[in-house]
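Worksheet for the structure shown next.
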Amino acid sequence: MAFPEPRPTKPELPRKSVRSLPCRQGAVRAVRFNVDGRYCLTCGSDKSLCLWSPLRGTLLRTYSGHGAEVLDAAGSFDNSRLCSGGSDRAVLFWDVASGQILRKFRGHAGKVNCVQFNEEATVIVSGSIDSSVRCWDCRSRRPDPVQILDEAKDGVSSVKLSDHEILAGSVDGRSRRYDLRMGELYADYVGSPITCVCFSKDGQCTLISSLDSSLRLLDKDTGELLGEYTGHKNREYKLDCCLSERDTHVVSASEDGHVYFWDLVEGTLALTLPVSHGVVQSLAFHPTEPCLLTASEGNVQCWREESFVAEDELPA
């Protein structure tokens with residue numbers, strides 16, 4: 001006799017602030033989890049990049065080397081390397097343990113808005129206000145990019161990678177997906193400057209945020225509009241969006257100081273999380289747990305579900 005499988009538990013949303021990181025980096029331009037969610041990176045307007053243990057609120061190391069504010073950063077799959085990009089038009093490749101700059105890639109003609117590693121951390125992909133996406137080989141001593149993708153007609157605001165694809169969002173209102181295995185380019189037009197793009201965890205969909213205060217969920221292969229999410233405010237700033245750890249909710253930062261959660265399938269607003277009085281510019285969702293990091297002005301907060309108990313709160 002086969003027993004019925006237990007019903008999956010209803011996903012909990014992070015609504016309780018459990019930690020505030022004392023960044024002291026000026027305005028925090030981006031906050032990013034590492035691959036397994038144990039650490040996070042904060043990018044400061046004071047030209048610094050910081051590595052944290054977010055649940056403990058512990059600063060592990062500060063990285064200095066950019067000539068202007070740092071706009072984005074990413075960690076490698078094994079946590080041994082970092083990459084970062086900034087307003088100094090440079091892409092930096094770092095050794096985590098020593099804090100040394102291993103390579104400094106120059107070639108972009110404008111500020112670097114976004115950086116990502118490929119899966120093996122052998123290539124850094126960067127997107128810039130100069131309308132190009134550039135791929136840099138971390139192992140080679142060559143100063144030039146190994147590939148330049150220059151189809152965008154305006155600045156590239158966001159870049160994400162899968163194992164064989166590059167997804168790039170541009171201010172020209174188009175998201176472009178480069179299939180590196182097939183050598184093909186797919187473009188979707190949303191009609192408004194794009195601020196952020198990302199893949200769903202199952203790799204079947206793309207989420208696109210744009211300056212008309214809406215998010216769109218598209219079928220990756222057909223470009224069909226699967227869902228549209230509105231209610232937040234995004235008219236002026238480059239804001240982050242993402243999907244929750246189980247692809248159940250769409251999450252977006254907002255210019256009104258809140259983070260908005262929508263049910264992915266139904267499209268209904270599930271939670272409006274008050275974060276600050278200023279613009280919530282950046283956010284990052286933990287890869288496997290209901291844990292959210294938000295960056296607003298100079299503050300980074302860590303949010304967990306209501307039932308979460310921090311280690312230092314447990315009874316002795």
Side-chain angles (χ1 to χ4, degrees), residues 12-33 37 40-46 49-50 52 54-55 57 69-74 86-87 113-114 157-158 160 169 171 192-198 207-217 228-245 249-264 269-287 289-306:
E12 289 191 88
L13 296 177
R15 57 179 77 219
K16 178 171 77 169
S17 178
V18 296
R19 187 72 68 191
S20 186
L21 305 185
C23 292
R24 302 186 185 91
Q25 292 174 269
V28 176
R29 297 302 183 201
V31 59
R32 302 285 180 250
F33 270 115
C40 74
L41 295 161
T42 55
C43 307
S45 63
D46 68 347
L49 178 65
C50 291
W52 301 83
L55 276 177
E69 59 183 3
V70 187
L71 298 177
D72 197 16
S87 294
N113 286 321
C114 42
S157 57
S158 180
K160 294 294 188 298
V171 181
S192 180
I194 292 173
T195 61
C196 187
V197 293
C198 61
L207 181 65
I208 300 170
S209 158
S210 55
L211 284 182
D212 56 358
S213 297
S214 67
L215 292 97
R216 295 170 178 87
L217 186 72
E228 196 161 355
Y229 311 90
T230 58
H232 66 303
K233 185 183 177 192
N234 187 7
R235 296 283 182 190
E236 297 178 58
Y237 296 93
K238 178 187 177 303
L239 305 184
D240 285 339
C241 67
C242 63
L243 289 150
S244 61
E245 86 283 8
H249 288 82
V250 170
V251 190
S252 176
S254 177
E255 291 167 11
D256 62 9
H258 293 71
V259 171
Y260 287 74
F261 293 77
W262 295 267
D263 184 283
L264 177 113
L269 189 62
L271 173 66
T272 305
L273 186 69
V275 174
S276 79
H277 297 297
V279 176
V280 181
Q281 190 160 12
S282 184
L283 50 79
F285 215 99
H286 193 284
E289 297 176 14
C291 177
L292 176 74
L293 296 175
T294 59
S296 178
E297 298 165 328
N299 302 313
V300 171
Q301 286 176 272
C302 180
W303 304 82
R304 292 296 308 237
E305 68 277 22
E306 289 281 10

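- S157 and T195 share no donor-acceptor pair across their side chains, judged by distance under 3.5 Å alone.
- Take H249 and apply the ring-ring contact (aromatic ring centres under 6.0 Å, His included) test, not counting sequence neighbours, and it matches no residue.
- For the atom pair D240 CG and S282 OG, the distance stands at 4.0 Å (nearest 0.5 Å).
- The salt bridge (Lys or Arg N to Asp or Glu O under 4.0 Å) check on D46 picks up nothing, with sequence neighbours excluded.
- For the salt bridge (Lys or Arg N to Asp or Glu O under 4.0 Å) test, residues two or more places apart in sequence or in another chain that qualify with E69 are R29.
- Atom SG in C241 sits 5.0 Å away from atom CG in L215 (nearest 0.5 Å).
- The CD atom of E289 sits 4.5 Å away from atom CZ of R304, with the distance rounded to the nearest 0.5 Å.
- With hydrogens and angles left out, the side-chain atoms of T42 and Q25 include a donor and acceptor closer than 3.5 Å.
- Here the side chains of P14 and E305 are not in contact, with every heavy-atom distance at 4.5 Å or above.
- For the residue pair L239 and S209, the shortest heavy atom distance occurs at O-OG, 4.3 Å.
- Residues satisfying the salt bridge (Lys or Arg N to Asp or Glu O under 4.0 Å) criterion with E12, sequence neighbours excluded, are absent altogether.
- What you find for C291 and C302 is that their closest heavy atoms are SG-SG, 3.7 Å.
- Shown here are the side chain to side chain contact (heavy atoms under 4.5 Å, CB included) partners of E245, two or more places apart in sequence or in another chain: F285, P290.
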### Task
Could you walk me through whether L21 and C50 pass the side chain to side chain contact (heavy atoms under 4.5 Å, CB included) test, one step at a time?
CA-CA 11 Å; L21 305 185; C50 291; over 6 Å; no
### Task
Tell me, with the steps shown, if T294 and V300 meet side chain to side chain contact (heavy atoms under 4.5 Å, CB included).
CA-CA 5 Å; T294 59; V300 171; over 6 Å; no
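- The one candidate from L264, L269, D263 that meets the side chain to side chain contact (heavy atoms under 4.5 Å, CB included) condition with Y229 is L264.
- Here the side chain of S45 pairs a donor or acceptor atom with the backbone of A27 at under 3.5 angstrom.
- Of all the heavy atoms in L71 and S87, the pair that sits closest is CD1-OG, 3.7 Å.
- Contact check for L41 versus V31: no side-chain heavy atoms found under the 4.5 Å cut-off.
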### Message
Show, in sequence, the C-alpha distance, side-chain angles and deciding distance for E255 and N234, and conclude whether the side chain to side chain contact (heavy atoms under 4.5 Å, CB included) test is met.
### Response
CA-CA 6 Å; E255 291 167 11; N234 187 7; 3.3 Å; yes
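- For Q281 (side chain) and Y237 (main-chain N/O), no donor-acceptor pair under 3.5 Å exists by modelled atom type.
- For the pairing with Q301, the side chain to side chain donor-acceptor pair (under 3.5 Å) check across S20, S296, S17, S276 returns one residue only, S17.
- Note that CG of D212 and CZ of R235 are 6.5 Å apart. Values are rounded to the nearest 0.5 Å.
- Taking every heavy atom of both residues into account, A284 and R32 meet most closely at CB-CA, 4.1 Å.
- A side-chain donor-acceptor contact under 3.5 Å links S158 to the backbone of V197.
- L273 contributes atom CG, which lies 9.5 Å from atom CG of L13 (distance to the nearest 0.5 angstrom).
- Note on ring orientation: taking the six-membered ring where Trp is involved, the planes of Y260 and W262 are parallel (angle under 30°, cut-offs 30° and 60°).
- In terms of heavy atoms, A253 sits closest to L283 at N-CD2, 3.3 Å.
- Taking R15 as the reference, nothing meets the salt bridge (Lys or Arg N to Asp or Glu O under 4.0 Å) condition, with sequence neighbours excluded.
- In this structure, CG on L292 lies 5.0 Å from CZ on F261, to the nearest 0.5 angstrom.
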### Query
What's the verdict on side chain to side chain contact (heavy atoms under 4.5 Å, CB included) for N113 and D72, showing C-alpha distance, side-chain angles and the deciding distance?
CA-CA 6 Å; N113 286 321; D72 197 16; over 6 Å; no
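- Nearest heavy atom pair, residue P54 against residue F33, reads CG-CE2, 4.1 Å.
- With hydrogens and angles ignored, the 3.5 Å screen pairs no side-chain donor or acceptor of S192 with any backbone N or O of S210.
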